[in-house]
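Note that this is a predicted model, so its numbers are computed, not measured.
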Amino acid sequence: MRCFFMFGVVLNHVASTFAAALGNKATPAGRFLVSTHLILHFPRFGFMFITGLVLFLGYRGRPEKQNWPVFWKNRYIGSGIPYLFWNGLFLAFLLLTSGSFSWNKWLTGWL
């Protein structure tokens, strides 16, 4: 299920990027891309729910795994840092392809 939801999140980003680049959203292709983007907001919430459920069930009833500082350190290293890296890379790609890349725009958009 997590893979299904991750695919939906990526598809949502792709649809929104193409819809933004299309310009005229009144065409059938534009309406399709905008509606696809709007419909695909659900994977974000599904991914968060499934991930929380997996974490809860993995740690429930296991006192040896309930070291909260280690838990949050592992989450930050395993999820937080890659998220920040890929988010910054995606934003740089968008700015480079639009032809208006500047470090100021990149940092403002990333933060």
Review point. Out of curiosity, does M6 fall in the hydrophobic cluster containing L53 (side-chain heavy atoms, cut-off under 4.5 Å, transitive links)?
Key: yes
Point to revise | Whichever hydrophobic residues join V9 through chains of side-chain contacts under 4.5 Å | key: none
Check your understanding: So, the side chain of S79 versus the backbone of Y76: is there a donor-acceptor pair under 3.5 Å, distance only?
Key -> no
Study note, to complete from the structure: So side chain to side chain donor-acceptor pair (under 3.5 Å) across residues 3-14, not counting sequence neighbours, yields N12-H37
Review point. Does H41 have any side chain to side chain donor-acceptor pair (under 3.5 Å) partners at least two apart in sequence or in another chain, and if so, which?
Key: R44
Check your understanding: side chain to side chain contact (heavy atoms under 4.5 Å, CB included) with T97: which residues, sequence neighbours excluded?
Key -> F93
Review point. Of all residues at least two apart in sequence or in a different chain, which pass the side chain to side chain contact (heavy atoms under 4.5 Å, CB included) check with T51?
Key: R2, F47, L55
Practice item. Verify the cluster assignment for F56 and F49: are they in a single hydrophobic cluster under the rule of side-chain heavy atoms below 4.5 Å apart? Key: yes
Review point. Can you name the residues that form a side chain to side chain contact (heavy atoms under 4.5 Å, CB included) with F42, not counting sequence neighbours?
Key: F4, F5, L40
Point to revise | All side chain to side chain contact (heavy atoms under 4.5 Å, CB included) counterparts of T17, not counting sequence neighbours | key: F90, L94
Practice item. Following the transitive rule for hydrophobic clusters with a side-chain heavy-atom cut-off under 4.5 Å over Ile, Leu, Val, Met, Phe, Trp and Tyr, establish whether F7 and V54 coincide in one cluster. Key: yes
Point to revise | Nonpolar side-chain network containing F45, other nodes, edges under 4.5 Å | key: M48
